[in-house]
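Given the structure is predicted, the values throughout are model-derived calculations rather than measurements. Residue numbers begin at 1 in each chain, while the letters A, B, ... track the order of the sequences.
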Amino acid sequence: MIRLTDQPFDPGALLTAFAEGRSETGAIATFTGIARAEAGATAILELEAYPGFTEAEIGRIADQARARFGLHDLAILHRIGRIGPGEPIVFVATAAGHRRAAFEACDFLMDYLKSRAPFWKKEHGPGGERWIEPTAQDHADRERWDKETTG
Amino acid sequence: MIRLTDQPFDPGALLTAFAEGRSETGAIATFTGIARAEAGATAILELEAYPGFTEAEIGRIADQARARFGLHDLAILHRIGRIGPGEPIVFVATAAGHRRAAFEACDFLMDYLKSRAPFWKKEHGPGGERWIEPTAQDHADRERWDKETTG
Amino acid sequence: MARVLLFGPLRDLAGWRERDIESGSLAALRSLLAEEDEALGLALDGPGVQVAVDQALVRGDMPLGDGSEVAFLPPMSGG
Amino acid sequence: MARVLLFGPLRDLAGWRERDIESGSLAALRSLLAEEDEALGLALDGPGVQVAVDQALVRGDMPLGDGSEVAFLPPMSGG
């Protein structure tokens, strides 16, 4: 499942659905990204996607993850539109035979979503609005996967 | 929350509860371990703990994880008793400011639970019963954390 | 007519999100946009800006058909 | 009297899970158990077997008080 939504979602409900009926899967890893309040500065995030293209690009990254880590399944849900503090922005779940593959695939998918997936993020804060670009750390995180071989 | 249970549980319900009201947390990672059916061989797992001691030992590992990765919070639920194929055995959730810390702490906790937490695991399969010890891979996974410095 | 889409900060800079523009190639379209709005022209050539034609990333020039969709994609940031 | 607990494969080997045994020290308790059941005695000294007295891991010998809880813990495996 790869999906964009402009509505708030409950990551737990997604995990419940994802975990159901998996008698051959030994390991499920998930990641939930949440809009931080940043120490009281009640910012609103605004996330823009390119409908169709964004899902297709995420799909290509997902296919890479499936092949590289031998995943049984994966799920990605990404919010778009206006997101309030404390609301989930992104949910990624990976299912694999063993935990190392599940963890690494989840980590890999998040690194790509952070720095290469077609989203644009604007922060509306008390001091006005600004577009947010990936940090140097985000780029460094993603580049780990170009070097590493899967263990 | 650190808890043992002899009842089946829904990892999604645990994530829903864990994620609620976290406006300062940017990242939640979870891991769910599931009893595999092992290609149709319907084995039953039996997990034994040392009540009191087991929770206390996990608590010590949890305190290490909190300090090492700067966690905002964590949750660990572990099944004991008889566990059927497809049923969750363990759930770990970690909350942190950023995703790297949440992922690494979750990974760290699972490596310790697999090879150092006071549990004993017996498999009741078609060919009789056998006790399962940590694999060489489990030990190698855990030893990563003795070498690595957190990035 | 090609449909031109701007995303993220490019849209704020240009003041529009989507327009139909008559142009035979991507290079011609870039020139046209730069003539009309110098700041936008510079930004479209800026670091990390990618171009998708009919939802596929492209490099360099290419002819544009009638009804082509051209999207200018500034550096991306999800999650 | 100390309360002695066996876990995992040690319990299956010995055929019991928990017994009250009179013993003044951990070393004396080990000898007593080994005299009574040689296979168990060897297993208790086996690789990776840890001992907890009153729920704290200990190494070497130590005196046992009345009501001490002594647990023999074979190699652990969770998750």
Side-chain angles (χ1 to χ4, degrees), chain B residues 2 4 11 31-36 45-61 76-80 83 88-92 106-124 128-139 141-142, chain D residues 1-21 23 25-26 29-30 33 37-79:
Chain B
I2 293 171
L4 307 181
F31 180 83
T32 306
I34 296 174
R36 274 191 303 275
L45 280 182
E46 191 182 342
L47 257 136
E48 189 185 359
Y50 180 5
F53 180 77
T54 298
E55 293 94 323
E57 286 291 304
I58 296 175
R60 272 186 273 279
I61 294 167
I76 299 172
L77 183 65
H78 208 297
R79 274 288 290 277
I80 53 175
I83 302 165
I89 304 173
V90 58
F91 174 82
V92 173
C106 198
D107 197 7
F108 169 92
L109 287 166
M110 275 309 304
D111 284 347
Y112 273 80
L113 286 170
K114 273 285 187 183
S115 60
R116 283 220 185 134
F119 291 101
W120 298 275
K121 192 158 59 176
K122 189 191 258 184
E123 195 180 271
H124 299 263
E129 54 179 56
R130 65 182 188 99
W131 289 97
I132 302 174
E133 294 204 3
T135 63
Q137 184 62 53
D138 287 330
H139 287 300
D141 283 347
R142 197 202 61 236
Chain D
M1 294 288 258
R3 164 143 303 190
V4 180
L5 308 177
L6 301 181
F7 287 90
L10 293 175
R11 168 167 41 81
D12 283 1
L13 178 71
W16 52 273
R17 172 192 290 269
E18 135 170 16
R19 274 172 63 193
D20 291 328
I21 299 177
S23 180
S25 75
L26 196 50
L29 173 66
R30 282 179 180 278
L33 290 169
D37 180 339
E38 199 185 328
L40 178 62
L42 283 171
L44 294 182
D45 288 337
V49 175
Q50 295 179 283
V51 185
V53 175
D54 294 330
Q55 307 216 339
L57 292 173
V58 300
R59 280 164 193 266
D61 194 18
M62 68 176 291
L64 296 178
D66 196 40
S68 286
E69 184 176 278
V70 180
F72 291 97
L73 312 170
M76 300 155 173
S77 179

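- Using non-hydrogen atoms only and a strict 4.5 Å limit, the part of residues 67-74 of chain D facing chain B consists of Glu69(D), Ala71(D), Leu73(D), Pro74(D).
- Note: Trp120(B) and Phe7(D) have parallel aromatic rings, judged against thresholds of 30 and 60 degrees for the angle between ring planes.
- Rounded to the nearest 0.5 Å, atoms CG (Asp12(D)) and NZ (Lys122(B)) are 3.5 Å apart.
- Taken to the nearest 0.5 Å, the CD atom of Gln55(D) stands 8.5 Å off from the OG1 atom of Thr54(B).
- Between Trp131(B) and Leu10(D), every side-chain heavy-atom pair lies at or beyond the 4.5 Å cut-off.
- Heavy atoms closer than 4.5 Å to chain D are found in the backbone of Ala49(B), but not in its side chain.
- Neither the backbone nor the side chain of Glu46(B) comes within less than 4.5 Å of any heavy atom in chain D.
- By the 4.5 Å heavy-atom criterion applied to side chains, Glu48(B) and Arg11(D) are counted as neighbours.
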